[in-house]
Amino acid sequence: MNGKRIAFRNARLIDPASGLDAKGGLLVENGKIADIGPRLFNDADKNDPEIMDCRGLILAPGLIDCRVFTGEPGSEHRESLQSASEAAAAGGVTTIVTMPNTDPVIDEPSLVDFIKRRAAATAKVRVAPMAALTRRLAGETMTEMGLLMEAGAVAFTDGDRTVANARVMRRALSYAATFGALVVGHAEDPDLSEGAAMTEGEFATRMGLPAAPALAEAIIVERDIRLVELTGARYHFGQISTRAALEAIAGAKARGLPITCGVSAHHLMLNELDVGSYYTFRKVKPPLRCEADRAAMVEGVASGVIDVIVSSHEPQGADTKRQPFGAAAFGSVGLETLLPAALSLHHDGDVSISHILKALTWASAQIMGLNAGTLAKGAAADLVLLDAGEPFVLDERALHSRAHNTAFEGRKFQGRAQMTFVAGECVFSR
Amino acid sequence: MTSATLAPILKSSHLLGIEGISAPEVTALLDLAETYVALNRSGEKKSALLKGRTLINLFFEASTRTQSSFELAGKRMGADVLNMSVKTSSVSKGETLIDTASTLNAMRPDILVVRHHDSGAAELLSRKLDCSVVNAGDGQHEHPTQALLDALTIRRRLGGIENLTVAICGDILHSRVARSNIRLLGLMGARVRLVAPRTLLPCDVERFGVEVFTDMKAGLAGADIVMMLRLQLERMTGAFVPSAREYFRFYGLDREKLGYARPGALVMHPGPMNRGVEISSDIADDLDVSLISEQVEMGVAIRMAVLDALARGLA
């Protein structure tokens, strides 16, 4: 790509980092953003092969998805880094932050190195691996956070598991604070939610499904807020789903604690009733909540208490999903629906488009410490060209992900990625 | 005469739960079952309505009375009956269900009766199979033929269901029998009460249109029917209630507690009973009070009626 130039003209440039939202052009050179401005290329020759006419569509930083499960290593039949990256590119996502819940668990520096090398060799988008917070995700002993950071781990998490033991969590947070490491927590009390497939309430009772009270989330959120207060660690709740958790985090932020949080597209778009008659593709972790909690999540994004929107991309095969609801695995793929789902908040009039894009790009980069998510001069040319108005119906068979277990099958959306660029290279074009 | 020429009774080609069926459908099923009660009490207990049809009993959970009741019902209707009990490990249970379903489908059964430990299993099978599916109990969801046989028993004894007060007592939380009965009794106009300690009541169960009590004296006051539920052994050693003896002291049905109900109130139990845990032996065995044996008899009749009704929709 050395010396390669692409000139984007006639775009609506949105850069959440600087607050820019204006018509203009952008120049890419050597994989980096070389120039950006309202009048750039206005009078350029449209037939120049280096010129790309954006036809007024939005040009924004590529999305950074902070919560992506893949199957590599161990379950490549569900998703490899390569197939996840295909799905990401098709969804306008240029960086995926991967979870350590693989087989083996990413709890050794050599395994972080493996992910980085496999990603470099096979993936179309950037891969930023998280490492385990505790060995084998067992919640007992902390991992070698210093060495794992040196190997390239961007944060530490036990993925969709909560560290049950408060003493272990306290020490892990203290140790993480020593290195300035980010800890990403999952808030779901493991004892209260043991065996549960749904949120406790009238619907779960009607369906006869094992259920856990929604406050299983807030109990852990409140515990971990106190532990952050004690230890000073940087802490990100990977995804929250209830108003009680939102209010606790709003309070913690108001007290100046170094706490951030995310929400999944599923918990923004769906509530427990969407499970319908035992629809296992909508069995996610944490389980879908009541409508009041879903509405609170939208509010949380609008108010900024929720910092980022994530896909919680979790590929599952027919073997684990085509089962009775209680026995089916948790999770839904989401890389290709993250942007359309997030844009629905804009179409519903709840959140501005630049605020949504901030929660998908700049805010994610800030939390994860990534040098990305901006259109600033000199930044990597990771870009998405998106049509925010294009209507479409999601066809699960058209997904690029190896697994097709989407909670949004048949859903009507408006807006999606048209082209995706990583370091100035086009990795997806619709 | 073949069954297909008779008037239809059920709108659906499956019986997956009480939810989704209407009061006229229930009444028609109960009326039809009356004819089978008479048949079962005669010497020649055979009908030929299901002649040539294949009925498969697929049981993933151990069951004596429900499985034998369906088997007998199928045989008395003239069907070929195949019983399959599938022992499952917790690891492979789902695979077994789907795999077994496609295997069975290839054998072209007409009616599949299924019991499974996961809620929604019968519905899942109904989507995968070409035959009619009868839910014989799925997880903690529904057990529709039990509710129907209970309704038949009550109607025969008391002449109707409307405006009766029925107290359902015990482990409501884990009970599919309770869920189906709450739906059916409510549908037919009975006043339903639930009586249990808080740990055995499901969340938001008040919204089912029932009255909820935690005290047997208040819950049974004026009740026409007392329906006891089984409490499984592993649930009474500290997990949901502290001990069997404490449970019997506060929630077990004995003469004293039955005295709170309307004089002449009748007692039901879906079986199998834990004598001395949820019900005392003298009540269980008192034929003036206990409908338990009659429930078993009605079970066969109601299942014959269900098979008859479903066969009317078969091609």
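First the proteins, then the strands, lettered A, B, ... as listed; each starts at 1. Just so it is clear, the values below take in all heavy atoms, side chains as well, and ignore hydrogens, waters and symmetry mates. Remember, it's a predicted structure, so these values are computed and weren't measured experimentally.
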Engineer: So if I apply the side chain to side chain contact (heavy atoms under 4.5 Å, CB included) rule between Pro324(A) and each of Leu125(B), Ile98(B), Asp118(B), which one comes out positive?
Structural biologist: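 Going through Leu125(B), Ile98(B), Asp118(B) one by one, the side chain to side chain contact (heavy atoms under 4.5 Å, CB included) with Pro324(A) is satisfied by Asp118(B) alone.
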Engineer: Tell me, do Thr205(A) and Arg179(B) make a side-chain contact under 4.5 Å, heavy atoms counted?
Structural biologist: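 A side-chain contact under 4.5 Å exists here.
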Engineer: Between the side chain of Asp204(B) and the main-chain N/O of Glu202(A), is any donor-acceptor distance below 3.5 Å?
Structural biologist: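 Here the side-chain-to-backbone pair exists.
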Engineer: Heavy-atom distances under 4.5 Å only: say whether Glu206(B) touches chain A with side chain, backbone, both or neither.
Structural biologist: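 Neither part, no heavy atoms under 4.5 Å.
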Engineer: Answer yes or no: is there a donor N or O on one side and an acceptor on the other, between the side chain of Arg206(A) and the main chain of Phe208(B), under 3.5 Å?
Structural biologist: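 Checking the backbone N and O of Phe208(B) against the side chain of Arg206(A), no donor-acceptor pair under 3.5 Å is found.
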Engineer: Going from CD on Glu142(B) to CE on Met207(A), what distance comes out if it is rounded to the nearest 0.5 angstrom?
Structural biologist: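 Here the rounded value is 10.0 Å.
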Engineer: Could you tell me whether a side-chain N or O of Ser119(B) sits under 3.5 Å from a main-chain N or O of Gly208(A), the two making a donor and an acceptor?
Structural biologist: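 Such a contact is found between Ser119(B) side chain and Gly208(A) backbone.
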Engineer: I need the residue from Arg127(B), His141(B), Glu123(B), Lys128(B) with the largest number of non-hydrogen atom pairs under 4.5 Å to chain A.
Structural biologist: His141(B)
